[in-house]
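Presented below is the structure to which this report refers.
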Amino acid sequence: MENQYFTSDELQVSNRAFLLGDAVKVSFFVRDARLIMDEECYFFLMASMRKMRLNIPLTYTLEFFQSLFQKDVIDGRGIKNGIINFQVFRNSDGIPLSKSSVSYFYEMEIMEDVLKVNERLLELDLIKEINVNNNLLSNIRVHSPENIYGGIYAQENDLDDVILLNPNKRIARATSGNLLFLEGNVIKVPKQTEGAYISPLMENFVTFLHKNNLADIQEHEIIAFESQKAEEILLISDEKGIFSVGKIRNKTFGNTRFLELVESWKGSF
């Protein structure tokens with residue numbers, strides 16, 4: 001089935017998302033014909049819009065988005081499982097940018113279960129010719145030429161994704177999401193100050209593990225070499241879903257423990 005597209009207005013070529021990348025993107029999740037983690041996703045959208053100095057309409061309440069997705073996606077299209085990649089962009093109103101109105105566009109990526117680990121193991125590698133910043137805007141999903149470059153590099157080298165480093169040569173994230181490194185009972189996650197994305201999906205997962213004492217969650221500054229020391233690596237992408245990493249260069253990784261942890265997490269919904 002093709003992905004479904006929705007927009008608040010008729011799209012114009014002159015919109016600032018197309019011309020300047022003046023937009024933010026946040027994902028919402030549909031599972032078994034209902035929204036899950038909707039509050040976390042909504043508050044992340046509000047925070048992202050504030051960081052980009054987007055004018056937040058008074059109508060943009062949690063109830064507005066719950067009703068919108070229920071009407072257009074769940075009831076209107078009968079979609080039961082998938083990821084809503086929601087993008088808000090600033091309009092060209094001819095007034096000060098901070099007061100410009102906003103419009104939205106979103107795409108529904110349909111899948112079997114947003115909380116299921118994809119069956120295909122990913123092959124990754126480090127990329128060193130570019131890096132990602134670790135400032136205020138690095139943690140939200142905005143226009144990122146680094147992601148485009150990294151995605152093309154991965155395709156040209158028969159990889160599924162690449163690991164992006166920050167200016168200090170430490171691991172920030174992959175182009176599509178965040179990385180979690182399992183060693184024994186410890187799960188190491190790159191700090192947001194390292195350039196990792198803020199991810200409602202990942203935060204819900206690690207919070208569940210912490211509250212139920214299923215793993216020791218540690219935020220770290222992780223040097224590139226440490227990726228080779230992990231026993232298992234999980235990639236959590238708010239935009240695409242959850243994936244096990246099977247190989248980085250000549251090192252292969254298992255995925256048994258992470259599969260068990262994700263199954264326990266799924267049972268909490």
Side-chain angles (χ1 to χ4, degrees), residues 25-31 35-38 40-41 43-45 48 81-86 109 111-124 132 138-141 144 147 150-151 154 159-164 171-183 186-212 214-220 222 226-227 230-248 253-269:
K25 185 187 288 185
V26 172
S27 296
F28 289 82
F29 308 99
V30 177
R31 187 168 191 253
L35 287 172
I36 60 171
M37 294 177 265
D38 46 348
E40 298 101 308
C41 298
F43 287 123
F44 180 41
L45 173 61
S48 298
N81 294 282
I83 297 175
I84 301 168
N85 288 308
F86 187 90
E109 182 165 344
M111 55 184 60
E112 180 183 340
D113 185 348
V114 297
L115 302 183
K116 180 182 178 181
V117 180
N118 196 288
E119 294 179 358
R120 188 170 63 85
L121 298 176
L122 302 187
E123 182 174 355
L124 275 59
V132 293
S138 304
N139 308 129
I140 62 176
R141 285 164 59 194
S144 174
N147 284 352
L159 301 167
D160 296 295
D161 205 338
V162 293
I163 299 174
L164 295 164
I171 292 175
R173 55 176 175 79
T175 67
S176 57
N178 290 331
L179 296 162
L180 295 81
F181 302 88
L182 177 68
E183 297 178 36
V186 175
I187 294 177
K188 294 182 179 180
V189 183
K191 295 179 178 179
Q192 289 177 8
T193 53
E194 294 289 280
Y197 280 140
I198 297 172
S199 164
L201 189 63
M202 187 191 76
E203 289 181 8
N204 191 288
F205 176 57
V206 298
T207 299
F208 170 80
L209 298 182
H210 174 72
K211 285 184 176 180
N212 291 276
L214 296 176
D216 180 11
I217 309 298
Q218 299 180 6
E219 289 189 323
H220 273 269
I222 304 175
E226 287 193 59
S227 66
E231 298 165 17
E232 298 185 14
I233 301 176
L234 196 68
L235 191 159
I236 295 184
S237 169
D238 283 30
E239 187 172 359
K240 297 182 178 180
I242 306 172
F243 303 84
S244 294
V245 176
K247 186 177 182 182
I248 300 176
F253 304 91
N255 67 344
T256 305
R257 180 71 175 130
F258 264 132
L259 287 177
E260 293 173 351
L261 294 174
V262 172
E263 281 298 315
S264 298
W265 177 46
K266 285 167 60 176
S268 69
F269 287 90

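Being a predicted model, the structure only gives us computed values, none of them experimental. Counting begins at 1 with the first residue of the sequence.
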(message) Parallel, tilted or perpendicular: which one describes the rings of Phe28 and Phe86, with boundaries at 30° and 60°?
(response) perpendicular

Could you check whether any side-chain N or O of [X] sits under 3.5 Å from a backbone N or O of [Y], counting only pairs where one atom can act as donor and the other as acceptor?
X      : Y      : value
Glu232 : Arg257 : yes
Ser268 : Trp265 : yes
Asn139 : Ala196 : yes
Asn212 : Leu214 : no

Where do [X] and [Y] come nearest, in terms of heavy atoms and distance?
X      : Y      : answer
Ser237 : Ser176 : OG-O, 2.7 Å
Phe29  : Asp238 : CE2-O, 3.5 Å
Val26  : Ser48  : CG2-OG, 4.0 Å
Glu194 : His220 : CG-O, 4.2 Å
Phe208 : Ser264 : CZ-O, 3.3 Å
Asn178 : Ser199 : ND2-CB, 3.6 Å

Check whether any side-chain heavy atom of [X] lies under 4.5 Å from a side-chain heavy atom of [Y], and answer yes or no.
X      : Y      : answer
Leu121 : Asp160 : no
Leu182 : Leu234 : no
Leu35  : Val30  : yes
Lys116 : Ile242 : no
Leu124 : Leu179 : yes
Asn81  : Glu112 : no
Ile233 : Ser244 : no

(request) Report the distance from atom CD1 of Ile171 to atom OG of Ser227, rounding to the nearest 0.5 Å. (result) 4.5 Å

(request) Run the salt-bridge test on Glu239 and Arg141 with the 4.0 Å N-O cut-off and return the result as yes or no. (result) yes

